[in-house]
Engineer: 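Sharing a structure here in structure tokens format.
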Amino acid sequence: PGIFVERELALDKLDAHVGWKIEKGQAADAPAAVTVKVSDARFQNADARGQLTASWKSGRGSGFARGGRYPGELELDGRIFDAKALRTARYLPLGLPNGVRDYLGRAVRGGTLTSASFKVRGDLADFPFHKARNDKEGEFRIALQLADLAFAYIPGDAGTAADAAWPALTAASGEVIIANGGLEIKDAKLRLAGADWSRVHGRIAELGDNAGIFGGAAIILQEMAGES
């Protein structure tokens with residue numbers, strides 16, 4: 001709860017080594033310091049399979065705030081394999097703007113995430129670290145390798161005239177990176193309006209509301225047109 005839109009994510013398989021340590025606070029009236037470590041975790045469900053390692057520790061301060069005891073500091077590294085692209089929005093954390101999750105939920109129409117890596121570093125009070133100036137202030141990064149993706153970059157409701165007005169990208173493959181509030185497309189191949197495109201690159205500096213995303217999509221398309 002509080003991480004994803006859905007309160008529960010069903011898993012068919014979960015194996016992990018979990019350890020924790022509770023240490024006496026440095027001051028007489030200080031709460032105990034808690035550390036939890038997860039190693040060699042492997043999981044699988046109907047959407048994907050993956051693995052991760054993670055370490056969480058309570059903060060040095062008190063209360064629920066940046067630098068406080070909670071939500072604490074997290075270091076997490078994970079990988080996902082053979083995931084259904086259509087289910088991507090389900091696994092995006094609540095820390096991302098609602099417009100991003102809504103946009104991807106409507107825009108992704110099919111395909112496979114052949115592999116994905118994800119990394120989180122920092123105080124969870126600042127997650128997803130949009131204002132971080134460097135990795136020491138917090139890091140949130142997802143790198144996706146895509147195959148045969150169908151993507152409606154300006155999506156309407158599926159099956160409507162508005163949706164059909166803009167041709168979807170199809171047969172798309174390449175790398176997409178989401179990091180600290182932005183999105184980057186690297187060395188992608190795709191089909192658009194009957195034409196094949198290669199070496200497609202693009203960047204949306206800040207993922208915010210839908211208007212910002214649409215503007216970023218338009219810039220990417222303009223860059224493609226300029227290279228045609």
Side-chain angles (χ1 to χ4, degrees), residues 1-85 87-97 100-101 104 112-145 175-181:
I3 299 176
F4 303 108
V5 173
E6 298 183 25
R7 293 179 58 86
E8 296 181 359
L9 294 176
L11 295 175
D12 299 322
K13 180 180 180 181
L14 174 62
D15 296 311
H17 297 287
V18 181
W20 60 90
K21 180 167 60 175
I22 301 176
E23 299 177 294
K24 185 178 180 180
Q26 295 182 353
D29 58 347
V34 180
T35 303
V36 179
K37 291 188 177 183
V38 179
S39 60
D40 197 27
R42 300 177 183 272
F43 53 90
Q44 182 174 332
N45 66 8
D47 298 328
R49 60 186 177 88
Q51 60 193 50
L52 64 83
T53 61
S55 176
W56 174 88
K57 63 181 180 180
S58 56
R60 297 182 179 182
S62 60
F64 194 100
R66 187 178 192 279
R69 180 168 173 77
Y70 299 111
E73 299 178 12
L74 177 67
E75 293 188 9
L76 182 149
D77 291 280
R79 293 187 66 84
I80 293 176
F81 307 96
D82 302 324
K84 296 178 180 178
R87 304 287 279 171
T88 300
R90 185 186 187 203
Y91 297 95
L92 294 176
L94 289 172
L96 290 177
V100 174
R101 293 195 307 275
L104 291 177
T112 302
L113 304 180
T114 56
S115 68
S117 63
F118 49 96
K119 178 183 292 187
V120 178
R121 295 275 191 283
D123 191 321
L124 290 175
D126 296 330
F127 182 83
F129 313 114
H130 289 166
K131 297 181 180 179
R133 293 169 294 183
N134 53 59
D135 291 348
K136 291 183 179 181
E137 294 186 359
E139 181 180 11
F140 172 54
R141 186 180 191 275
I142 303 174
L144 310 172
Q145 292 290 340
E175 184 178 20
V176 174
I177 298 173
I178 301 173
N180 293 11

Engineer: Please round to the nearest 0.5 Å and tell me the distance separating atom OG of S117 and atom CG of L144.
Structural biologist: 8.0 Å

Engineer: Quick check for you: to the nearest 0.5 Å, what is the distance between F43 atom CZ and L11 atom CG?
Structural biologist: 8.0 Å

Engineer: Going by the rule side chain to side chain donor-acceptor pair (under 3.5 Å), which residues pair with R121 if we only count those two or more places apart in sequence or in a different chain?
Structural biologist: D77

Engineer: Go through the steps for K37 and V18 under the test side-chain contact (heavy atoms from CB on, under 4.5 Å), then give the verdict.
Structural biologist: CA-CA 6 Å; K37 291 188 177 183; V18 181; over 6 Å; no

Engineer: Test side-chain contact (heavy atoms from CB on, under 4.5 Å) on L113 and I80; report intermediate values, then the result.
Structural biologist: CA-CA 8 Å; L113 304 180; I80 293 176; over 6 Å; no

Engineer: For the backbone of R66 and the side chain of D123, can you confirm whether one donor and one acceptor N or O come within less than 3.5 Å of each other?
Structural biologist: no

Engineer: Below 4.5 Å, heavy atoms only, C-beta onward: do V176 and Q145 meet side chain to side chain?
Structural biologist: no

Engineer: Report the distance from atom OG1 of T35 to atom CD of E73, rounding to the nearest 0.5 Å.
Structural biologist: 10.0 Å

Engineer: Where is the tightest heavy-atom contact between A48 and A83, given as atom of each residue plus distance?
Structural biologist: CB-CB, 3.5 Å

Engineer: Any ion pair linking R87 and D47 (charged N to carboxylate O, less than 4.0 Å)?
Structural biologist: yes

Engineer: Measure across R69 and A32 and return the closest heavy-atom pair with its distance rounded to 0.1 Å.
Structural biologist: NH1-O, 2.5 Å

Engineer: Do the side chains of E139 and K119 get nearer than 4.5 Å, heavy atoms only?
Structural biologist: yes

Engineer: Could you give the distance from OG1 (T114) to CG (D82), rounded to the nearest 0.5 Å?
Structural biologist: 7.5 Å

Engineer: Is it the case that over 12 heavy atoms from other parts of the model lie below 6.0 angstrom from the CZ atom of R79?
Structural biologist: yes

Engineer: Do R141 and I177 have side-chain heavy atoms sitting under 4.5 Å apart?
Structural biologist: yes

Engineer: Should the ring pair W56 and Y70 be called parallel, tilted or perpendicular, given that the plane angle runs from 0 to 90° and is split at 30 and 60?
Structural biologist: parallel

Engineer: Minimum heavy-atom separation for F81 to Q51, with atom names?
Structural biologist: CE1-OE1, 4.2 Å

Engineer: Can you name the nearest heavy-atom pair linking P71 to A65, along with the distance?
Structural biologist: CD-O, 4.1 Å

Engineer: Assess the residue pair L52 and V38 against the criterion (side-chain contact (heavy atoms from CB on, under 4.5 Å)); give the C-alpha distance rounded to whole Å, side-chain angles, the decisive distance to 0.1 Å, and a yes or no.
Structural biologist: CA-CA 8 Å; L52 64 83; V38 179; 4.2 Å; yes

Engineer: Which value, rounded to the nearest 0.5 Å, describes the distance between F118 atom CZ and L92 atom CG?
Structural biologist: 12.0 Å

Engineer: Backbone N or O of E137 within a donor-acceptor pair of the N134 side chain at under 3.5 Å?
Structural biologist: yes

Engineer: One pair to check against side-chain contact (heavy atoms from CB on, under 4.5 Å): V34 and W20. What are the steps and the verdict?
Structural biologist: CA-CA 7 Å; V34 180; W20 60 90; 5.5 Å; no

